[in-house]
2 protein chains.
Amino acid sequence: MLAVIEPISRQSGGARLRQHEVAERIKQYILQNRLRPGDALPTEAELCAAVGASRSSVREAIKTLTALDIVEVRHGHGTYVGRLSLTALVESLAFRGLLSRADDFRVLAELVEVRQTIEQGLAPSIVAALDDSLRTGLGEIADQMAELAARGETFVEQDRRFHLLLMEPLGNELVTQLTAAFWDVHAIVAPTMHTTPESVQETVQAHRAIVEAAAAGDADRLSAAIAAHYVPVRRHLQEGPEVSGPDAEEATA
Amino acid sequence: MLAVIEPISRQSGGARLRQHEVAERIKQYILQNRLRPGDALPTEAELCAAVGASRSSVREAIKTLTALDIVEVRHGHGTYVGRLSLTALVESLAFRGLLSRADDFRVLAELVEVRQTIEQGLAPSIVAALDDSLRTGLGEIADQMAELAARGETFVEQDRRFHLLLMEPLGNELVTQLTAAFWDVHAIVAPTMHTTPESVQETVQAHRAIVEAAAAGDADRLSAAIAAHYVPVRRHLQEGPEVSGPDAEEATA
DNA sequence: GCCAATTTGTACGTATGTATA
DNA sequence: CTATACATACGTACAAATTGG
């Protein structure tokens, strides 16, 4: 079972780091055995014996792969193939945004441009893949937003689900995950962004317009509605960093 | 200097892992001291003393942050703030692609759809930001491609530079980095993709058409040229996995 | 609920490789 | 070339979490 992993030759050409070699071996092991997310990996002790490295090196290699969600470790249970999510992208981009947040929101502005480009560009595909359940689903979320806004409450989770539901019928898992990732980054870097009463109403109306355009099956109208949706977001980002979010301690958690 | 980092209280609410706490402290240290990529971080020994953790925990935390390019370690020199690149996204997506490659190219097909959506969606902005140096730059790369193709050689690096140069004038660093990242993922998962003589010629012509459309300042024509550019790519992906690339050992390196 | 086995997490000491002065 | 500072690797011991009897 572990025969596929061969010990590392000390003098193997490139004098690279031990942990890198080990990480490569583990990736190869997953690929060659065609493992899937959730499948069990050898224990640390077995890996040490298999690749001929110390436990420290094996653990540091595992740490790297864990950060990329290639492997997943459960304390006291074992090591498994990870879900290969985009958590690494979220953490990396979020930290970049937090670093530049004090100066300006350039990173976030760029992110919004990417989000808008993707959503508008996929508008034709969205109307083509339209579905009754999707129509009603989007409508319900928009209704919930209006309700919550009327009560003076926020609707961050509804907003996230709305944009994910919009992308879901495309059947493109990467698009869905990128949408979620970008939304999460935005939420981490500027969580309390549009909370003024006016922009809340503006946002509710924008989502309504998107629902109606999608229901009408008009791609151009949908594209325009999406563009309008991001107008208040862009405006807040240009107003400067004084809107601010929580302190660094909580933001990175 | 290190006073900002406070020791970790054992009983601080969530009974989380040591290394996670340490990683958070390091991130906070970077944020609170407003460090920039390349700035020096305390040595491992100093970090140990500052957060009250052992070398093992500190090193594992650093490993996690290194994978996200939040910190960068130079052997025998020290630890520094990382460049915050998208290497983590590349590694993660590339491995996902390699995992599914044996079965199909679904992941890669999804990636191409995202690339095409972004490039087409930004076509209007590109023609708006057009520049003489950009025009000539794109033209030169296209010429090089044609030359190399005539000699029966490949032009992977030219292809990469072409698409990066196309995005550069937008001034959106995230778009540029995402373009590079997606291209790299594609190159890792399917490096020897379009090498049949016909598709090579097709690709050369496609890039020519993009240059001409951009030079003409016609956004719709540019969008169409980009769409045409991806047609042969999509075709190869649909043809199935038998085109194959290198074995797993080299692919993950 | 308790105990024991397995597995990962943390700590510490030591030696080695690497870069700088 | 020597000395110093630092990261890397190895090994051992123990703590914490999970599972099963």
Side-chain angles (χ1 to χ4, degrees), chain A residues 1-2 5 7-26 29-30 35 38-83, chain B residues 1-2 5 7-26 29 38-67 69-82:
Chain A
M1 164 183 174
L2 293 181
I5 305 183
I8 299 172
S9 55
R10 256 288 189 207
Q11 308 284 4
S12 67
R16 287 166 58 200
L17 297 180
R18 212 75 167 161
Q19 36 183 300
H20 289 355
E21 310 259 14
V22 177
E24 291 303 321
R25 299 274 174 183
I26 295 176
Y29 176 84
I30 296 174
L35 301 184
D39 288 352
L41 260 55
T43 66
E44 290 182 355
E46 288 173 318
L47 284 174
C48 293
V51 304
S54 75
R55 204 176 153 211
S56 323
S57 303
V58 170
R59 281 186 60 79
E60 301 214 344
I62 291 178
K63 259 294 142 229
T64 299
L65 298 179
T66 301
L68 303 175
D69 205 12
I70 289 176
V71 311
E72 183 185 347
V73 185
R74 277 177 255 173
H75 190 171
H77 194 227
T79 310
Y80 303 84
V81 179
R83 319 227 159 279
Chain B
M1 165 181 175
L2 293 179
I5 304 183
I8 299 172
S9 55
R10 258 288 189 205
Q11 307 284 3
S12 68
R16 287 165 58 198
L17 297 179
R18 210 73 166 168
Q19 36 185 296
H20 290 355
E21 311 257 16
V22 177
E24 291 303 320
R25 298 276 173 184
I26 295 176
Y29 175 83
D39 289 351
L41 259 55
T43 68
E44 289 184 355
E46 288 173 317
L47 283 174
C48 292
V51 304
S54 75
R55 259 191 168 80
S56 322
S57 304
V58 170
R59 280 187 62 77
E60 302 213 345
I62 290 178
K63 260 294 143 232
T64 299
L65 298 179
T66 300
D69 204 13
I70 289 176
V71 310
E72 182 185 347
V73 194
R74 276 177 256 173
H75 191 159
H77 195 228
T79 310
Y80 303 83
V81 179

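Residue numbering restarts at 1 for every chain, and letters A, B, ... go by the order of the sequence lines.
- The residue Ser56(B) sits close to a base: some heavy atom pair falls under 4.0 Å.
- Here the OG atom belonging to Ser54(B) is positioned 10.0 Å from the CD atom belonging to Gln19(B), to the nearest 0.5 angstrom.
- Here dT6(C) presents its C1' atom at 15 Å from CZ of Arg74(A), a figure rounded to the nearest Å.
- The nearest whole Å value for the distance from the CD atom in Glu60(B) to the P atom in dA9(D) is 13 Å.
- The phosphate of dT8(C) has OP1 or OP2 within less than 4.0 Å of a side-chain N or O from Thr79(A).
- Spacing between atom NE2 of His20(A) and atom C1' of dT8(D) amounts to 11 Å, rounded to whole angstrom units.
- For the OP1/OP2 pair of dA11(C) and a distance below 4.0 Å, the side-chain nitrogens and oxygens of Ser54(B) include at least one atom meeting the criterion.
- Contact annotation: side chain of His75(A) to base of dT8(C), donor-acceptor pair present below 3.5 Å.
- Between the CD atom of Glu72(A) and the P atom of dT8(C) there is a distance of 13 Å, given to the nearest Å.
- The line from OG1 of Thr79(A) to CG of Leu65(A) is 10.5 Å long, rounded to the nearest 0.5 Å.
- Across the protein-nucleic acid pair, Arg55(B) atom CZ and dT12(D) atom C1' stand 17 Å apart, rounded to whole Å.
- Residue contacts for Arg59(A): at a heavy-atom cut-off of 4.0 Å it reaches a base atom on one of the strands shown.
- At a threshold of 4.0 angstrom between heavy atoms, the contacts of Ser57(A) are confined to the sugar-phosphate backbone, with no base atom among them.
- Ionic pairing of Arg55(A) and Glu44(A) is present here: one or more N-O contacts between side-chain nitrogen and carboxylate oxygen are shorter than 4.0 angstrom.
- At the phosphate of dT10(C), OP1 or OP2 sits under 4.0 Å from a side-chain N or O atom of Gln19(B).
- The minimum heavy-atom distance between Pro42(B) and Tyr29(B), with the atom names listed, is CD-CE2, 3.6 Å.
- The distance from atom CG of Leu41(B) to atom C1' of dC6(D) is 14 Å, rounded to the nearest whole Å.
- Atom OH in Tyr80(A) sits roughly 10 Å away from atom P in dT7(C) (whole-Å rounding).
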